Protein chains: 2
Amino acid sequence: MSDQNPLAKSLQLLWEGLPEPEKGPKPKLRLEQIVAAGIDLADADGLEALSMRRLAEKLGVGTMSLYRYVPSKNELLNLMLDTVVGPSHTRMTSPRLGWREFLAITAHEGRQLYLAHPWTLQANWSRPVLGPNSVADLDLFMTGVKELPLSDREKMNLATVLDSHVMGAVRQELLWQKAAAESDMTDEEFWTYQLPTLERAMESGRFPTLAQLSEDTFDGTNEETFEFGLDLLLDGVEEEIQRRLAQGGADSA
Amino acid sequence: MSDQNPLAKSLQLLWEGLPEPEKGPKPKLRLEQIVAAGIDLADADGLEALSMRRLAEKLGVGTMSLYRYVPSKNELLNLMLDTVVGPSHTRMTSPRLGWREFLAITAHEGRQLYLAHPWTLQANWSRPVLGPNSVADLDLFMTGVKELPLSDREKMNLATVLDSHVMGAVRQELLWQKAAAESDMTDEEFWTYQLPTLERAMESGRFPTLAQLSEDTFDGTNEETFEFGLDLLLDGVEEEIQRRLAQGGADSA
DNA sequence: TGAGTACAACGTACGCCGTACGGTGCACGC
DNA sequence: GCGTGCACCGTACGGCGTACGTTGTACTCA
């Protein structure tokens with residue numbers, strides 16, 4: 001790792017943590033403490049409540065002391081992200097699982113993770129995290145789909161596509177929660193207040209198709225949507241591999 | 001619309017715009033100008049560059065004057081969002097299109113929209129937009145899938161799932177662009193700097209499956225991933241409707 | 001024509017934010 | 001026992017969103 005590399009510091013922090021100092025006074029904190037406290041705060045009060053000042057206060061240190069451990073808030077977020085996908089959470093599924101079950105479990109665990117840490121969806125806008133836990137997660141995924149008759153490149157695409165679906169579904173789910181919370185109302189109240197406007201819109205004749213939809217069109221739960229899309233994807237995979245098996249060999253590496 | 005409704009103001013702004021004043025001096029600006037300037041700014045320099053001060057400066061007015069038109073920055077973002085999905089952009093596809101083509105075109109146009117206005121992916125974390133253009137968009141979608149033998153509720157799920165896929169894929173795409181830009185490097189440089197760390201990780205034996213992947217595993221383009229997932233979804237839909245048609249009637253409303 | 005009034009413009013200020021900088025004092029190697 | 005390198009962190013700067021209150025304009029009505 002040459003000093004020329006401008007990402008060296010960030011990557012080192014992710015993969016090796018902070019080097020132990022030898023000379024000076026004992027550090028009051030450990031990097032892991034800061035990261036853990038950050039995750040706690042973001043889980044509890046949302047990403048917008050995670051400020052360096054609040055975090056420092058929570059840890060009982062001065063604000064600027066945090067910068068002895070972490071070069072910037074952005075870097076802290078990267079550490080938080082990689083921590084949160086940590087091994088305790090990866091699907092410890094028995095390795096002998098059919099690919100369909102494996103993909104379904106992966107998706108469901110992903111959903112639980114995003115629901116437990118909603119800030120992850122807003123946070124990683126800054127930089128693709130290539131930390132050890134993320135990489136381990138990808139390794140686990142690739143192991144789980146080893147037997148699928150797809151090329152490695154296609155498997156990679158599958159990983160991305162599955163994650164997109166999970167993120168997108170959870171995002172929808174959180175959107176309504178947040179909106180209601182910000183306006184100091186419950187989900188239902190929020191809907192209720194929107195209803196009159198929508199009803200007037202329906203009656204205006206500008207939306208002929210919407211106006212004719214059945215009553216329960218918008219009653220679906222977020223989980224239902226999630227499962228619906230997951231089934232579509234898995235069916236799509238199934239069909240693709242049937243097609244390949246039918247016409248002979250697979251081109252998996 | 002009673003005054004009790006705490007969302008009345010927001011909804012009115014979206015659906016009816018600002019009421020014309022009769023008494024006082026002529027307003028210097030129009031609401032649409034502000035919204036358009038906001039979109040311009042966010043398109044050009046990113047959402048983080050869109051501050052009320054900069055926006056006001058761009059428009060040649062004092063900062064606080066903007067609040068004569070828009071109650072808050074959040075509300076402005078909602079207006080921007082609904083504007084950007086405006087009718088000029090909706091697929092003006094001939095109504096007699098097969099469902100598969102229709103869904104594919106919808107997805108592709110969505111992708112173009114998100115790529116043209118990347119900030120939309122970060123912005124609508126505040127409130128689900130139920131503006132006239134968004135509703136019109138949904139109406140158009142529902143018209144396009146009218147013939148599909150799915151229930152209305154399932155069609156709604158399909159709309160959400162498709163959008164999730166599009167958003168997720170574009171998000172991945174933008175992520176790398178942004179990361180590189182923030183570090184003042186190109187995409188390739190960014191990769192290059194990460195490589196040594198990854199190679200060391202591969203050689204560590206901690207990621208046995210990843211270490212064995214073929215060379216081109218990570219060479220896929222974002223567009224390729226997008227198409228891959230889209231095909232999976234559409235194949236999934238195809239299979240589902242085959243299944244239904246095989247066993248008799250559909251339960252569409 | 002003059003008074004009253006509603007409303008547009010916007011300067012100032014408050015309390016947040018991330019973080020650059022530099023001083024203070026601790027703990028170890030010599 | 002002292003020099004040195006580092007931990008801690010107070011202060012300050014330039015941003016942010018926006019609450020509040022003043023000023024001046026353009027209309028209605030007497």
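A note on names: the letters A, B, ... follow the listed sequences, proteins ahead of strands, and every chain is numbered from 1. As the structure is a prediction and not an experimental result, all values here were calculated from the model.
The separation between A:Glu75 atom CD and C:dT19 atom C1' is 14 Å, rounded to whole Å. Atom CG of A:Leu31 is separated from atom P of D:dA7 by 13 Å (rounded to the nearest Å). Regarding A:Met52, its CE atom lies at a distance of 18 Å from the C1' atom of D:dC16, rounded to whole Å. Rounded to whole Å, atom C1' of D:dA7 lies 15 Å from atom CZ of A:Arg30. One interatomic measurement links the two molecules: CG of B:Leu76 to C1' of D:dT18, which rounds to 14 Å at whole-angstrom precision. Residue A:Glu20 contributes atom CD, which lies 20 Å from atom P of D:dG5 at whole-angstrom precision. Rounded to a whole Å, the CD atom of B:Glu48 is 15 Å from the C1' atom of C:dG18. Separating the NZ atom of A:Lys23 from the C1' atom of D:dC6 is a distance of 9 Å, rounded to the nearest angstrom.
Proximity of A:Lys26 to the phosphate of C:dC28: a side-chain N or O atom is located under 4.0 Å from OP1 or OP2. Between A:Tyr69 and D:dC8, a side-chain N or O to OP1/OP2 separation shorter than 4.0 Å is present. At D:dC9, one or more side-chain N or O atoms of A:Ser65 fall inside 4.0 Å of OP1 or OP2 (strictly under the cut-off). An OP1 or OP2 oxygen of C:dG18 is reached within less than 4.0 angstrom by a side-chain nitrogen or oxygen of A:Lys73. Using a 4.0 Å cut-off, some side-chain N or O of A:Lys28 falls inside it from OP1 or OP2 of D:dC9. A sub-4.0 Å separation between OP1 or OP2 of C:dC10 and a side-chain N or O of B:Thr63 is absent.
As judged by a 4.0 angstrom heavy-atom cut-off over every strand, A:Leu66 is placed among residues making no nucleic acid contact.
Defined by atom type and a distance below 3.5 Å, a donor-acceptor pair is present between the side-chain atoms of B:Glu224 and A:Asn157.
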field: Steps toward side-chain contact (heavy atoms from CB on, under 4.5 Å) verdict (A:Leu79, A:Glu75)
entry: CA-CA 6 Å; A:Leu79 292 169; A:Glu75 218 68 58; 5.5 Å; no
task: Kindly determine whether B:Val61 and B:Lys28 satisfy side-chain contact (heavy atoms from CB on, under 4.5 Å), including the steps that lead there.
output: CA-CA 9 Å; B:Val61 302; B:Lys28 210 158 141 187; 4.2 Å; yes
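For A:Arg53, taking side-chain heavy atoms from C-beta onward, the closest of the listed nucleotides C:dG25, C:dC28, D:dA12 is D:dA12. When each of D:dA7, C:dC21, C:dG29 is scored by its nearest atom to the side-chain atoms of A:Met64, the top-ranked nucleotide is C:dC21. Taking only side-chain atoms of B:Arg54, from C-beta outward, the nucleotide of D:dC16, D:dT18, D:dC6 with the closest atom is D:dC16.
Between the side chain of A:Trp15 and the backbone N or O of A:Leu130 there is at least one donor-acceptor pair closer than 3.5 Å.
Within a 6.0 Å radius of CD in B:Glu189, other residues, nucleotides and ligands contribute more than 12 heavy atoms.
Each of A:Arg68 and A:Leu50 was matched to the nucleotide of DNA chain C holding its nearest heavy atom; the match closer to the 5' end belongs to A:Leu50. Between A:Ser51 and B:Leu29, the residue anchored nearer the 5' end of DNA chain C, judged by the nucleotide with its closest heavy atom, is B:Leu29.
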